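This report concerns only the one structure given below.
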Amino acid sequence: MDIGWKLASTAALALSAMAAGKVAEVGWKLVTGNDAPTDDDDTATIVGVIAFAAVSAAVVAVAQRYAIRGAAAIYDPDGAKGVRSISA
């Protein structure tokens with residue numbers, strides 16, 4: 001078990017998720033003109049909530065994919081082990 005890789009990949013995934021979440025919120029505001037739906041937003045429609053959830057999940061997934069590849073390239077610059085998963 002490589003604890004260094006686990007720490008590096010966890011940090012990369014967490015930071016990319018936070019940044020991508022903010023990007024999704026700003027993008028939602030630019031496209032719809034409304035703030036992103038929140039847990040306590042009684043005025044949000046179910047369609048809006050589902051659409052925002054789908055869009056933000058897609059943005060986060062893409063960001064995390066590239067973040068883990070970047071972390072792997074930095075952590076193992078020779079690429080001897082290739083791109084690892086978080087369980088590696």
Side-chain angles (χ1 to χ4, degrees):
M1 175 182 349
D2 189 353
I3 193 73
W5 169 246
K6 287 198 182 275
L7 291 173
S9 62
T10 300
L13 291 172
L15 291 173
S16 65
M18 287 190 300
K22 290 297 178 186
V23 167
E25 288 178 19
V26 170
W28 185 265
K29 176 81 172 177
L30 289 173
V31 170
T32 66
N34 299 323
D35 289 332
T38 60
D39 293 340
D40 59 351
D41 188 1
D42 293 334
T43 63
T45 64
I46 190 70
V47 172
V49 170
I50 292 170
F52 179 71
V55 168
S56 63
V59 170
V60 168
V62 169
Q64 286 184 333
R65 179 176 197 267
Y66 287 104
I68 202 71
R69 286 178 168 257
I74 292 169
Y75 190 77
D76 187 14
D78 296 331
K81 296 182 182 175
V83 176
R84 305 175 229 188
S85 68
I86 191 148
S87 62

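Given the structure is predicted, the values throughout are model-derived calculations rather than measurements.
The two atoms that bring Val49 and Pro37 nearest to each other are CG2-CB, 3.9 Å, heavy atoms only. Heavy atoms only, all atoms of each residue included: Ala12 and Ala71 are closest at CB-CB, 3.8 Å.
If you chain together hydrophobic residues whose side chains sit under 4.5 Å apart, Val59 and Leu13 never meet in one group.
To the nearest 0.5 Å, atom OG of residue Ser9 and atom OH of residue Tyr75 are 9.0 Å apart. Residue Glu25 holds its CD atom at 12.0 Å from CG of Leu30, rounded to the nearest 0.5 Å. To the nearest 0.5 Å, atom CD of residue Gln64 and atom CG of residue Leu15 are 10.5 Å apart.
Note on ring orientation: taking the six-membered ring where Trp is involved, the planes of Trp28 and Phe52 are perpendicular (angle over 60°, cut-offs 30° and 60°).
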After noting the C-alpha distance and the side-chain angles of Asn34 and Lys29, does the key distance pass the side-chain contact (heavy atoms from CB on, under 4.5 Å) rule? CA-CA 5 Å; Asn34 299 323; Lys29 176 81 172 177; over 6 Å; no
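Remark: side-chain polar atoms of Thr10 are not paired, donor with acceptor, to backbone N or O of Leu7 under 3.5 angstrom.
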